[in-house]
Visitor: 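One structure, pasted below without further comment.
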Amino acid sequence: MKDKLTQHLAAALDRAMAEGALPQVEAPAITLERPRQAEHGELATNLALQLAKPCRMNPRAVAQIMVEQLGDAGGILQRAEIAGPGFINFHIQPSAWLAVLPLILAQGPDYGRATLGQGKKALVEFVSANPTGPLHVGHGRGAALGDVLARLLRFVGYEAHSEYYINDAGNQMATLGRSLLVRARQSRGSGEEFPENHYRGGYMQELAAQFLALPQHAGVLDMPLEQAVDLASAWAGAQILGGIKDDLNAFGVGIDTWFSERSLVEQGAVQAAFDELTQRGLLYQAEGALWFKATAFGDEKDRVVKRGNGELTYFASDIAYHLDKFRRGYARLVDIWGADHHGYVPRLKAAMAGLDLAPDDLSVVLVQMVNLLRGGVPVAMSTRAGEFVTLKEVVDEVGADSARFIFLTRRSEAQLDFDLEVAKQKSMDNPVFYVQYAHTRVKSVLKKAAEAGVDLPDPQSADLTPLALAEEIALARLLGDYPEMVLGAAVNLEPHRVTYYLHELAGAFHSYYNAHHILFEDPPLTAARLVLAMAVGAVLKGGLALLGVSAPEAM
RNA sequence: GCGCCCGUAGCUCAGUGGAUAGAGCGCCGGACUACGAAUCCGUAGGCCGCAAGUUCGAAUCUUGCCGGGCGCACCA
C-alpha cells in the first residue's frame, strides 16, 4: 500500500513540475507515515512541508497542487485532505486494505519474505562460551537472539548461517583440566584445598567421577602433571561441549558450524593474519610484547597480540577468526556478545580496518544480563561459586517456547527480568501464551466451522466487501504491516519487534473475537470473516516460526 | 579521569524527525443461554532526567550537566 501510494506521489510531483504548477526543484525522498489520530486518515505525508522551502511557496499551497495532481491514485484513495501546516492525509479505500488477505493466504509462510540480502552470505556468531561449564540463563538469551537473527536474515534474503566459536585454545582450558584433576584427587582422599580461580561448580565433581571411571584414565593420577592436565582438559572440554550442544538443541537452537579456536591457531591462521598486518606496518615490538597499532583506526590505545611470555592473546585469534569469516565468503557478520565486552568492539573494528575490511560489515549486538526471578523474588546466582541456574534447568521448567519468546521481549541492550513463575503461567501475564492462544482460537473457529458444516471459503475468490467494520479494516492494515516490520527487525537486528508485533496482532484479534462472531452470521459475512481469521492465523504462525516458537492448534 | 549503554505512567518496557507519547503488569469497576472467559471492555495515572541548540516540527539529532549500569589487562 505504501509503495503504491509512494509511486503515485512521485508521478504526481513530476507532472506538477512538468506542467509548471511547481518550480523545478530536487525531489525529496517521499515518506509515508501512519498518523496516530484516526481522523487523520490511514497514511500521511510531509512532502509539501519538505517542498515548501525549495519552492518558496506556502506548504499548504504546495499540498493543494499535489492533491489535485494525485486524483484518486488509481482508485486506492477515498480522499486526500490537507491538514495542519501542510500534511496531506490519505483516506484509503477500505477494499484496498483488504486486498492483502488473499495475498497472505496465497503466500502462506512466505508472506513477508524479502530480497534485501540478495543472496549474500551472512554469519551470525553467538554464545561462543568457553567449554568450561554448562550454559546459564544469560547464554540462553544470547542463543535465542542469535538464532532468531539468523532466521530473520534468511527470511529477508541472506544466505545466513549460525556459528559457535569454541574458545578452546586459551589458558582457561588448562585451568579446566587442573580443576578436574583436583576434584579427582580429592575423591581419592587427597584432602587438598580447592585452588582459587578454578572451576568449582558441582558439575566438576560429577565429571571427575566419570573421568576416573573410564579404563583409559586408570593411571592418570600418576602421570606427569602436564600430561595429565592435557588429558583432563581435552576430555572435560569435549564432555562439556557435548552438554552445550545438547542444551542448545533442546532449546531449539541449531548451530550450523562449530568453529574451534585451537584449529585456527594450529592451521597458522593467526600467523597469516600477523603477516598481513606486518606488511602494512601495523605490528610492532615493545616492552617485550607484540602490539597492534589500533590507535591508527580509532581505538583508544594499541593492543597486545602476543604477550611477553610468547602466548597469543584472545584478541590475536579473534583477528584471525574474523578475517577467516570474510575469507569464507561472508559479506555480513553479526557477533552477539555480552554487554560487558562492549569495550572490545573498537579494537576488533580497528583490526578489520587494518586488514582492509569494512568495519561496517561487522555488527556487534550487545546483550545485557538476565535477572532471574521466581515469583518476583530474585534467584541468587554466583558464577564465582559456580552456583547458577543453567539454561537446561530453565528450559526443562518453563519450556523452550516460553523461554525463547520472553528472552526476545526486550531490546537486547536492556536488562531483562525473567520470572520463572510467569514463564510457566498460562495466562495473559505470559506473552507467549497470549499469542499462542490467539492462534489456537483461529484454529478452533475453523474447526468449529467444519463441525457446523460451514465450508471454508476460497480466499482468492471470496467476496470481502462484507468486511466493513473499523476493527476489520484495522486488522487487515495490521496484517499488511507485517512485511515492513520484519524487514525493520532484520535490518536493525532487533527481534523484539517481532514479539511486540505479534502481541499487538494477537490483542487486536482477541478484541475482535470477543466483540463479534465469525460463524453463524449470514453466509457472505461468515465467509469474509473466515478469510480474515485465516489470514490472522497465517501471520501469527509465520511470525512465531521466525521466533522458533510453536503455533499450537490446541492448548 | 576517559569511553560505551541507559534515564519515557506506581512497576517492567515499546516508540523509523511529525499532529493529542503507547502497551503489559498493578489498582478500581464491569462482560459468557452462539465460534475456547487461558479472553475482553472501561476508569485513573506523564514538565519523555535537566538545559541550551539544529529544524516548519524533537522522546527521537547535536552539545553540556545530573543520575544509574558496564568497561578501561601482556584475562576471556
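So that the names make sense, note that chain A is the first sequence line, chain B the second, and so on, each numbered from 1. Keep in mind it's a predicted model, so treat the numbers as computed, not measured. All heavy atoms count here, side chains included; hydrogens, waters and symmetry mates do not.
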Visitor: Regarding A:N130, tell me which of base, sugar-phosphate or nothing describes its non-hydrogen contacts under 4.0 Å with the strands shown.
Guide: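 It contacts sugar-phosphate atoms only.
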Visitor: For the pair A:Y321 and A:Y165, name the ring-plane relationship: parallel under 30°, tilted 30 to 60°, perpendicular over 60°.
Guide: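 Judged by the thresholds at 30° and 60°, the geometry between A:Y321 and A:Y165 is parallel.
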Visitor: Which is true for A:D419 with a 4.0 Å heavy-atom rule: it touches a base, it touches only sugar-phosphate, or it touches nothing?
Guide: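 Result for A:D419 = nothing.
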Visitor: How far, in whole Å, is B:A23 from B:G57 if one measures between their C1' atoms?
Guide: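 Each nucleotide's C1' atom is 26 Å from the other's.
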Visitor: Without decimals, in angstroms, what is the distance between A:L502 CG and B:A14 C1'?
Guide: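 It is 14 Å, rounded to the nearest whole Å.
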Visitor: What's the closest nucleotide to the A:F520 side chain, out of B:A34, B:A76, B:C13?
Guide: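 Nearest listed nucleotide: B:A34.
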Visitor: Return the nearest nucleotide to the side chain of A:R410; candidates are B:U12, B:A34, B:C74.
Guide: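 So the nucleotide nearest the side chain must be B:U12.
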Visitor: Under 4.0 angstrom, heavy atoms only, what part of the nucleic acid is A:Q415 near: base, sugar-phosphate, or nothing?
Guide: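 Here A:Q415 touches the backbone only, sparing every base.
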Visitor: Under a plain distance cut-off of 3.5 Å, with no hydrogens placed, do A:Q436 and A:D401 share a side-chain donor-acceptor pair?
Guide: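 Side chains of A:D401 and A:Q436: pair found under 3.5 Å.
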Visitor: Is A:R529 salt-bridged to A:E472, going by a charged N under 4.0 Å from an acidic O?
Guide: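 Looking at A:E472 together with A:R529, the answer is yes, because their closest N to O distance falls below 4.0 Å.
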Visitor: Below the 4.0 Å mark, does B:A14 have OP1 or OP2 next to a side-chain nitrogen or oxygen of A:T409?
Guide: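 Result: no.
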Visitor: Tell me: CZ of A:F87 to C1' of B:G57, nearest whole Å?
Guide: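 Atom CZ in A:F87 sits about 7 Å away from atom C1' in B:G57.
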Visitor: Who is the Watson-Crick or G-U wobble partner of B:C61, with both distances under 3.5 Å?
Guide: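 Its partner is B:G53.
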Visitor: Name the pairing partner of B:C48, where a pair is Watson-Crick or G-U wobble with both distances under 3.5 Å, or state none.
Guide: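 For B:C48, the partner nucleotide comes out as none, under the 3.5 Å rule.
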Visitor: Please test A:Y284 against A:D302 for side chain to side chain donor-acceptor pair (under 3.5 Å), starting from the C-alpha separation and ending with a verdict.
Guide: CA-CA 10 Å; A:Y284 63 91; A:D302 290 347; 2.6 Å; yes
Visitor: Describe the nucleic acid contact of A:G308 in one word from base, sugar-phosphate, nothing, applying a heavy-atom distance below 4.0 Å.
Guide: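 Base, at least one base atom sits under 4.0 Å.
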Visitor: A:Y434 near the nucleic acid: base, sugar-phosphate alone, or nothing, with a heavy-atom cut-off under 4.0 Å?
Guide: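 Sugar-phosphate contact only.
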Visitor: Answer yes or no: does a side-chain N or O of A:H496 lie under 4.0 Å from OP1 or OP2 of B:C13?
Guide: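 Checking B:C13 against A:H496, no side-chain N or O comes under 4.0 Å of OP1 or OP2.
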Visitor: Counting the atoms with a prime plus P, OP1 and OP2 as sugar-phosphate, which does A:K447 contact under 4.0 Å by heavy atoms, base, sugar-phosphate, or nothing?
Guide: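 Nothing, no heavy atom under 4.0 Å.
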Visitor: Return the minimal non-hydrogen interatomic distance between A:L282 and A:G354, and the atom names on each side.
Guide: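 Here A:L282 and A:G354 meet closest at CD1-O, 3.5 Å.
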Visitor: When you measure from the side-chain N and O atoms of A:R411 to the phosphate of B:C6, is any distance below 4.0 Å, counting only OP1 and OP2?
Guide: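 Yes.
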Visitor: Counting only distance, no hydrogens or angles, is the base of B:G71 paired donor-acceptor with the side chain of A:D340 under 3.5 Å?
Guide: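 No, no donor-acceptor pair under 3.5 Å.
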Visitor: Mind checking A:S444 for me? I need base, sugar-phosphate or nothing, with any heavy atom below 4.0 Å counting as a touch.
Guide: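 Base contact.
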Visitor: Using a heavy-atom cut-off of under 4.0 Å over every strand shown, decide if A:H342 touches base, sugar-phosphate, or nothing.
Guide: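 A:H342: base contact, heavy atoms under 4.0 Å.
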Visitor: Across all strands shown, which nucleotide pairs with B:G7 by Watson-Crick or G-U wobble geometry, both distances under 3.5 Å?
Guide: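 B:C66 is the nucleotide pairing with B:G7.
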Visitor: Which of the following nucleotides, B:U16, B:C74, B:U39, is nearest to the side chain of A:E287?
Guide: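 Nearest listed nucleotide: B:C74.
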Visitor: Measuring only the P atom in each nucleotide, how far is B:C11 from B:C2? A whole number of Å is fine.
Guide: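 B:C11 and B:C2 have their P atoms separated by 31 Å.
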Visitor: How about A:F126 and A:H139: are their ring centroids closer than 6.0 Å?
Guide: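 Ring centroids of A:F126 and A:H139 are no less than 6.0 Å from each other.
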Visitor: Considering Watson-Crick and G-U wobble pairs with both distances under 3.5 Å, what does B:A31 pair with?
Guide: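 Pair assignment: B:A31 / B:U39.
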Visitor: Using whole Å, report how far CD of A:E413 lies from P of B:A14.
Guide: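 These atoms are roughly 8 Å apart.
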Visitor: Looking only at non-hydrogen atoms, find the nearest pair between A:P431 and A:T409 and report the distance.
Guide: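 Nearest pair, atom of A:P431 first, then A:T409: CG-CG2, 4.2 Å.
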Visitor: Report yes if at least one side-chain N or O of A:R347 is closer than 4.0 Å to OP1 or OP2 of B:C72; otherwise report no.
Guide: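 No.
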Visitor: Using atom P in both nucleotides, what's the gap between B:G10 and B:C6 to the nearest angstrom?
Guide: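 The answer is 22 Å between these two P atoms.
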Visitor: Sort out the partner of B:C2 for me: Watson-Crick or G-U wobble, both distances under 3.5 Å, none otherwise.
Guide: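 By the stated definition (distances under 3.5 Å), B:G71 pairs with B:C2.
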Visitor: Applying a 4.0 Å non-hydrogen cut-off, can you work out what A:A452 is touching in the nucleic acid: base, sugar-phosphate, or nothing?
Guide: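 The residue A:A452 makes no contact with any strand.
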Visitor: Students often get this wrong, so: under 4.0 angstrom with heavy atoms, is A:A414 touching a base, only sugar-phosphate, or nothing?
Guide: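 Sugar-phosphate only.
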Visitor: For B:U20, which nucleotide in any strand shown is its Watson-Crick or wobble partner with both distances under 3.5 Å?
Guide: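 The base-pairing partner of B:U20, which may sit in any strand shown, does not exist here.
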Visitor: Is A:E521 touching bases, backbone alone, or none of the nucleic acid, heavy atoms closer than 4.0 Å?
Guide: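 Touches nothing.
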Visitor: So, does the side chain of A:H503 form a donor-acceptor pair with the base of B:A23 at under 3.5 Å?
Guide: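 Not at all, since no donor on one side and acceptor on the other fall under 3.5 Å apart.
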Visitor: Could you tell me how far apart A:M369 (CE) and B:G69 (C1') are, to the nearest whole angstrom?
Guide: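 From A:M369 CE to B:G69 C1': 10 Å.
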Visitor: Please give, in whole Å, the distance from B:A14 P to A:D481 CG?
Guide: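 Nearest whole value for this atom pair: 20 Å.
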